[in-house]
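Each remark here refers to the structure printed beneath this line.
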Number of protein chains: 2
Amino acid sequence: MSRTALWKSIASSLRTEIAEGHYRPGDKLPTEAELALRFGVNRHTVRRALSEMAETGLVHSRRGSGVFINAKPTEYPIGRRVRFHQNLQAAGQTPERKILRIETRLANTREADALALSQQDEVHVYEGVSSADGAPLALFRSVFPAARFPLLPKALQETGSVTAALASVGVADYTRSSTRLTAKLATPTQALHLRIAEGAPILRTVSVNVDATLQPVEYGITWFAGDRISLTVSPE
Amino acid sequence: MSRTALWKSIASSLRTEIAEGHYRPGDKLPTEAELALRFGVNRHTVRRALSEMAETGLVHSRRGSGVFINAKPTEYPIGRRVRFHQNLQAAGQTPERKILRIETRLANTREADALALSQQDEVHVYEGVSSADGAPLALFRSVFPAARFPLLPKALQETGSVTAALASVGVADYTRSSTRLTAKLATPTQALHLRIAEGAPILRTVSVNVDATLQPVEYGITWFAGDRISLTVSPE
DNA sequence: GAGTGGTCTAGACCACCCT
DNA sequence: GGGTGGTCTAGACCACTCC
């Protein structure tokens with residue numbers, strides 16, 4: 001037997017073909033028998049591949065009909081230790097991140113509240129867009145206490161990653177202390193970045209992350225494209 | 001073949017035994033071969049059951065070692081701490097509930113999936129509106145396995161409360177095993193009930209509640225008026 | 001009735017863990 | 001080396017969909 005399972009490479013092939021547009025949402029895949037013939041394997045091996053693709057929400061099967069490409073939004077689990085890109089990788093997609101802005105300015109009321117600062121204090125603000133497979137999924141704004149992390153902007157610029165940047169300034173681990181969620185309508189600017197229609201539904205999450213000593217280290221607001229994402233809250 | 005898949009009833013048996021404490025976190029289950037012998041089925045059928053249990057995070061397998069109960073069984077779900085509150089200051093709000101409909105009908109695909117039923121099985125469906133201070137906050141639909149709870153509709157009619165009704169039919173405690181959230185636009189019917197504009201943003205949550213033996217007892221969908229409420233997800 | 005996915009059995013071999 | 005889970009094959013029958 002080869003080192004990589006056959007069913008994994010079959011799933012990978014099919015994923016690539018779907019990503020390349022050979023199959024579109026709603027399309028029917030070839031039958032299990034046909035796929036087995038094409039890949040030169042047993043039908044059960046194809047089924048194992050399709051089973052995994054169904055688990056990750058890529059396809060769904062209808063007995064008697066066939067296997068169909070899902071138009072279903074990607075799921076994004078949130079919990080105590082949410083790391084956006086790690087989660088997307090787990091879902092088998094390719095995460096990308098575009099930096100829109102990194103700046104340092106005075107905190108506004110809400111930011112000061114959330115980070116336990118006064119409004120005289122400065123904060124670093126990091127804004128960007130997260131995408132998967134070329135489709136923008138989320139617009140985010142992360143706010144950090146500037147006094148505590150003077151070198152953070154440089155680290156953000158270099159890594160693009162909040163987790164990596166915080167690690168580089170001494171915050172090895174952090175946890176989400178709370179998340180608030182609500183539904184909103186996309187503003188023109190948000191719609192532009194997320195490539196959705198103005199007025200389309202978006203899911204806004206507001207969260208505070210704290211370090212091991214429970215000091216707030218990040219205040220984050222994320223706007224998800226409502227039709228491309230759903231959040232999963234599950235026990236860990 | 002019986003109406004219910006063998007592997008499902010095997011998974012159900014094992015779930016019950018785990019919930020009853022026959023196996024504790026970290027414990028090793030009998031080997032696949034032993035389980036196959038015990039249930040009088042092929043090893044592959046046992047594997048199918050274990051596979052589903054692994055998916056839902058109940059167990060994990062280690063090649064060469066065995067299958068083990070996961071450290072944190074679903075006794076302590078984060079989703080349990082999901083609660084909704086009014087965005088604006090909620091001083092002395094009076095929660096109200098209006099029953100829209102209580103009916104019994106065949107399960108659809110998603111309901112059957114979520115409740116581990118077949119589509120031949122019947123479900124009780126309870127729909128209503130939650131309000132506070134006269135303002136509708138949420139529209140909900142709760143779906144229950146009818147065979148297990150023949151007397152539930154009466155209890156729902158009398159109490160209006162899912163918790164109270166389930167208690168009256170023997171489910172003293174239940175926990176939320178998962179919640180999915182996404183943003184949508186209100187349909188005309190939803191807008192009417194929530195007294196918001198057609199196309200206003202709404203927050204949809206889809207959840208599954210399980211009893212002490214981890215059997216699904218309720219599949220619930222709730223639509224929140226996006227501009228009147230937000231959800232808080234907090235650990236611990 | 002033909003086609004399609006879902007379940008179950010049976011057997012083989014492999015990769016990995018333990019002792 | 002012996003035991004355990006992981007993969008793959010092969011074949012059978014069933015439930016469901018679609019014509």
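What you are looking at is a predicted structure, and each value in this text was computed from that prediction instead of being measured.
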In whole angstroms, how far is the [atom2] atom of [N] from the [atom1] atom of [X]?
X	N	atom1	atom2	value
Phe68(B)	dG5(D)	CZ	P	8 Å
His60(B)	dG6(D)	NE2	C1'	16 Å
Arg47(A)	dC8(C)	CZ	P	11 Å
Phe39(B)	dC8(C)	CZ	P	13 Å
Leu50(A)	dG6(C)	CG	P	9 Å
Arg43(B)	dA10(C)	CZ	P	14 Å
Arg48(A)	dT7(C)	CZ	P	14 Å
Lys8(B)	dA15(D)	NZ	P	14 Å

Of the candidate nucleotides [options], which contains the atom at the shortest distance from the side chain of [X]?
X	options	value
Leu6(A)	dG6(D), dT9(C), dT9(D)	dT9(D)
Glu32(A)	dC8(D), dG5(D), dG6(C)	dG6(C)
His44(A)	dT4(C), dC8(D), dA10(D)	dA10(D)
Ser61(A)	dC8(D), dG5(C), dC8(C)	dG5(C)

State whether Thr31(A) places a side-chain N or O below 4.0 Å from either non-bridging phosphate oxygen (OP1 or OP2) of dG3(C).
-> no
Flag, side chain of [X] to backbone of [Y], donor-acceptor distance under 3.5 Å:
X	Y	value
Asp113(B)	Arg110(B)	no
Thr16(A)	Ser12(A)	yes
Asn108(B)	Glu111(B)	yes
Thr159(A)	Ala155(A)	yes

Please tell me which of Glu34(B) and Asn42(A) maps to the more 5' nucleotide of DNA chain D, matching each residue to the nucleotide holding its nearest heavy atom.
-> Glu34(B)
Listing time: all N or O pairs from protein to nucleotides 16-19 of chain D that are below 3.5 Å?
residue, atom, partner, partner atom, Å
dC16(D), OP1, Gln120(B), NE2, 3.1
dT17(D), O3', Ser65(A), OG, 3.0

For residues Thr104(B) and Glu122(B), is any side-chain donor paired with an opposing acceptor at under 3.5 Å?
-> no
So, Tyr174(A) versus Thr163(A): side-chain donor-acceptor pair below 3.5 Å or not?
-> yes
Rounded to 10°, the helix from dG1(C)-dC18(D) to dC18(C)-dG1(D) deviates from straight, judged by its five-pair end axes, by 10°
Which side-chain N or O atoms in residues 28-36 of chain B pair as donor and acceptor under 3.5 Å with protein atoms at least two apart or in another chain?
residue, atom, partner, partner atom, Å
Thr31(B), OG1, Glu34(B), N, 3.1
Glu32(B), OE1, Arg43(B), NE, 2.8
Glu32(B), OE1, Arg43(B), NH2, 3.3
Glu32(B), OE2, Arg47(B), NH1, 3.0
Glu34(B), OE1, Thr31(B), N, 3.1

Compute the ring centroids of His60(B) and Phe68(B), then answer whether they are less than 6.0 Å apart.
-> yes
How about Tyr126(B) and Phe140(B): are their ring centres within less than 6.0 Å of each other?
-> yes
